[in-house]
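These notes are about the structure you will find just below.
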Amino acid sequence: MMNPLHVFLRLCIGLFLTIPNHDLAAAKLPNFVFFLVDDLGWGDLGCYGSEFHETPHLDKLASEGMKFTNAYSACTVCSPSRAAIITGRYPGRLHLTDWITGHGRRNPKLLIPKWKTKMDHELNTLPEALKEAGYRTQFTGKWHLMPIGKPDFKEHYPDSHGFDINVAGREWGQPKGRGKYFSPFGMPNLDDGKEGDFLTDRLTDEAVKFVKESKDKPFLLYFSYYTVHGPIMAKPALLEKYKKKAASFEKRKNERVHPAYAGMIESLDDSVGRVLAVLKETGAVDDTVVIFTADNGGTSEQSSGGLRGAKALSYEGGTREPVIVKWPGKVKPGSVCEVPAIGMDFYPTMLEMAGLPARPKEHLDGISLVPWLTDASRSPTRESLYWHYPHYHKTKPYGAVRKGDWKLIEFFEDGKLELYDLKNDPSESNDLADSNPRKRDELLDDLRNWRKSVDAQMPTLNPNHGKTSVAPKPNRRSGQSTKPVSTPLGQVSASSYQVGNPPENALDGNLGTRWAASGEAVPQWWMLEFSKARQLTGVEVSWKNPTWYSHKVEVSDDGRKWKTVSDASGKKTVPTQSGHTFSAKAKFLRVTVDALGSGWATFTELKPLFKAE
């Protein structure tokens with residue numbers, strides 16, 4: 001006769017074996033900390049090659065997890081990339097293809113399509129999927145996924161798309177509170193704290209608080225930083241630290257050496273370190289998956305780690321991102337994965353990590369990275385990655401495909417094609433479109449077939465392009481007018497400006513702010529009227545965007561008749577600062593940009609130089 005205890009044990013084992021796998025996993029659901037950084041370049045971290053920036057916590061994270069070397073954002077600008085992560089779908093499929101609300105261009109050759117400025121509520125997002133499985137979810141930081149100016153604007157905060165708690169998420173693409181990165185912040189559910197408090201630190205306080213309060217449930221902390229997006233502002237002590245470091249730093253490569261930016265990077269690293277520390281403090285560290293990435297490339301090619309281009313451009317520097325994944329007990333510490341990955345992959349990856357069923361009807365364009373996280377030597381199973389940007393920015397409308405080591409870019413205005421072998425030419429310096437027509441045409445067919453498959457919207461020809469009789473529509477981001485504004489130096493005005501980047505910013509002594517013209521039309525001018533005629537010896541201009549500016553400096557006694565005192569027209573060098581030396585007594589000073597390589601006319605500071613009186 002069988003022992004009654006043995007009978008009982010057999011029954012228990014039988015019941016255990018009948019429990020579905022995902023129910024077993026549910027008993028041990030991992031926590032997730034997802035770090036998403038704004039405008040971080042591929043080469044901005046120490047573990048990705050930066051020698052000037054100090055990122056010890058992120059370097060340690062990479063040593064404890066896996067570093068991806070061919071990971072990408074889904075778009076070269078922020079809102080589409082963010083939506084792609086949340087939904088697991090290409091921006092081209094979502095029809096959310098530009099940052100909200102996007103740039104305008106006066107009477108362009110192509111008319112941009114009528115694209116979406118929100119995520120449809122019918123979509124089941126990553127946080128919603130985790131929430132259904134019992135997760136507690138918090139969004140912290142930059143959201144920028146709200147239909148500005150639309151009736152349903154208030155229906156698209158983070159807590160309407162799967163997050164239990166929203167801290168600081170609103171329609172802003174950058175800090176726009178009165179203190180910008182310093183208190184007061186003007187963000188929902190974020191206390192302004194005291195004078196001098198720094199935004200990244202305050203957001204980290206809220207992230208740490210959430211982790212401490214989530215001991216009894218699995219959690220998703222989605223920490224979406226505003227940093228390192230402009231305005232470039234650092235805490236005073238860090239600014240001074242990196243000014244001193246820059247003074248003696250030996251720059252051995254094309255690396256960004258910008259004290260305020262470096263200070264922001266260190267604050268980011270400190271924030272990551274604080275969150276990792278609270279995981280250890282609460283005993284959650286071994287049960288927590290940590291993912292670190294960014295939404296698009298850095299704003300300077302000097303942040304791109306030797307890659308070509310930067311944010312808002314079609315080249316690798318605009319979309320290749322740092323990605324680090326730490327999965328305790330699963331990912332080999334210090335491992336490196338060269339397999340191409342993209343933002344939509346995080347949704348199915350996190351579901352599989354949690355032992356939850358895949359949702360292929362939701363994350364249509366992502367694949368789980370778990371096979372490569374657990375075996376970095378595995379070969380890729382996906383042939384191609386795609387990008388679709390039917391808009392004007394620093395770039396003209398384009399599409400791109402990466403297939404294996406090959407990348408093709410198609411510019412929609414004129415059909416120009418560029419082909420690069422990324423394995424042998426990662427900096428995209430040798431266009432092979434003419435010398436390898438077979439590969440060019442193969443990738444072009446692939447790209448165009450993909451666009452059809454996702455119903456990607458295409459720009460259309462503008463029938464009024466080139467007709468001077470057509471009055472250009474006003475740019476919706478420009479100021480109402482260019483009425484003179486009083487500053488300590490005098491009255492300042494400009495031909496146009498973007499909201500948030502008025503002409504007086506160029507005189508505030510802060511390299512973190514700027515004047516920016518509205519749209520890409522030229523010429524554009526910036527003018528300063530002194531209270532009385534002043535004896536000038538020159539002017540220094542600190543340019544914002546990494547492109548060339550054809551420009552000239554003029555002076556006038558009455559604001560009607562102008563004399564050119566320094567002429568840089570036609571020059572195609574890429575300056576960070578340009579100095580103009582001259583001698584003139586004038587009541588008016590004007591800088592006019594008549595052509596530029598890409599983007600729009602913009603500079604952070606203009607400093608008139610006066611003769612000692």
Out of curiosity, Trp143 CH2 to Arg170 CZ, how far, rounded to the nearest 0.5 Å?
14.5 Å
Mind telling me whether Phe52 and Phe249 have parallel, tilted or perpendicular rings, with 30° and 60° as the class edges?
perpendicular
Backbone N/O of Leu58 and side chain of Asp269: donor-acceptor pair under 3.5 Å
yes
Any donor-acceptor pair under 3.5 Å linking the side chain of Ser271 with the backbone of Ser267?
no
In Lys116, Lys118, Arg89, the residue satisfying side-chain contact (heavy atoms from CB on, under 4.5 Å) with Leu94 is Arg89
Pick out which of Arg402, Lys407, Lys403 makes a salt bridge (Lys or Arg N to Asp or Glu O under 4.0 Å) with Asp405.
Arg402
Using the benzene-type ring in the case of Trp, are the ring centres of Tyr181 and Tyr226 under 6.0 Å apart?
no
Crowding at NZ, Lys60 (>12 non-hydrogen neighbours, <6.0 Å)
no
Residue of the set Thr293, Val290, Leu221, Val289 for which side-chain contact (heavy atoms from CB on, under 4.5 Å) holds with Phe34:
Thr293
For Lys416, does the NZ atom have more than 12 heavy-atom neighbours from other residues, nucleotides or ligands under 6.0 Å away?
no
May I ask you to check whether Glu316 and Tyr420 show a side-chain donor-acceptor distance below 3.5 Å?
no
Gap separating the CZ atom of Phe223 from the OG1 atom of Thr200, nearest 0.5 angstrom
7.0 Å
Has Thr374 got a side-chain atom pairing as donor or acceptor with Lys330's backbone, closer than 3.5 angstrom?
no
Gap between atom OG1 of Thr319 and atom CH2 of Trp42 - 0.5 Å precision:
11.5 Å
My understanding is that only residues two or more places apart in sequence, or in another chain, count here; which of them pass side chain to side chain contact (heavy atoms under 4.5 Å, CB included) with Ala129?
Asn124, Tyr347, Leu351, Arg359
Plane angle bin for Trp115 and His391 - parallel if under 30°, tilted between 30 and 60°, otherwise perpendicular:
perpendicular
Can you tell me if Thr76 uses its side chain to pair, donor with acceptor, with the backbone of Leu313 under 3.5 Å?
yes
Indicate yes or no for a side-chain donor-acceptor contact from Asn70 to the backbone of Glu338 under 3.5 Å, with no hydrogens or angles considered.
yes
Does any part of the side chain of Trp327, heavy atoms only, come nearer than 4.5 Å to the side chain of Met66, both counted from C-beta?
no
For the CG atom of Asn296 and the CG atom of Asp38, what is their distance to the nearest 0.5 Å?
6.5 Å
Polar side chain donor-acceptor pair, Asp425 to Ser429, under 3.5 angstrom:
yes
Would a distance-only check, ignoring hydrogens and angles, find a side-chain to backbone donor-acceptor pair under 3.5 Å from Asp345 to Ile342?
yes
Just wondering, are more than 12 heavy atoms of other shown residues or ligands nearer than 6.0 Å to NZ in Lys280?
no
Take a 6.0 Å sphere around NZ of Lys131 and say whether it holds more than 12 heavy atoms from other residues, nucleotides or ligands.
yes
Is the shortest heavy-atom distance from the side chain of Ser79 to the side chain of His144 under 4.5 Å?
yes
Start with the C-alpha gap between Val325 and Trp372, add the side-chain angles, then the distance that decides, and say whether side chain to side chain contact (heavy atoms under 4.5 Å, CB included) holds.
CA-CA 11 Å; Val325 180; Trp372 294 276; over 6 Å; no
Would you check, one step at a time, whether the test side chain to side chain donor-acceptor pair (under 3.5 Å) holds for Glu301 with Tyr315?
CA-CA 10 Å; Glu301 191 170 82; Tyr315 303 103; over 6 Å; no
Test side chain to side chain donor-acceptor pair (under 3.5 Å) applied to Thr140 and Glu206, step by step:
CA-CA 8 Å; Thr140 304; Glu206 297 300 319; over 6 Å; no
Test your reading of the model: is there a side-chain donor-acceptor pair from His103 to the backbone of Asp98, 3.5 Å cut-off?
no
Checking Trp387 side chain against Ile409 main chain: does a donor-acceptor pair fall under 3.5 Å?
no
Please walk me through it: do Phe346 and His363 pass ring-ring contact (aromatic ring centres under 6.0 Å, His included)?
CA-CA 9 Å; Phe346 293 118; His363 47 75; over 10 Å; no
To the closest 0.5 Å, what do you measure between CG (Asp295) and NE2 (His229)?
8.0 Å
Using side chain to side chain donor-acceptor pair (under 3.5 Å), reason through Asp44 and Ser50 one step at a time and then give a plain yes or no.
CA-CA 6 Å; Asp44 272 336; Ser50 176; 5.9 Å; no
Geometric class of the Trp450/Tyr386 ring pair [parallel <30°, tilted 30-60°, perpendicular >60°]:
parallel
Any donor and acceptor pair, going by atom type alone, linking the side chain of Glu321 with main-chain N or O of Gly297 inside 3.5 Å?
yes
Quick one: does Glu255's side chain have a donor or acceptor within less than 3.5 Å of a partner on Glu51's backbone?
yes
Spacing of NE2 belonging to His53 relative to CZ belonging to Arg256, to within rounding of 0.5 Å
7.0 Å
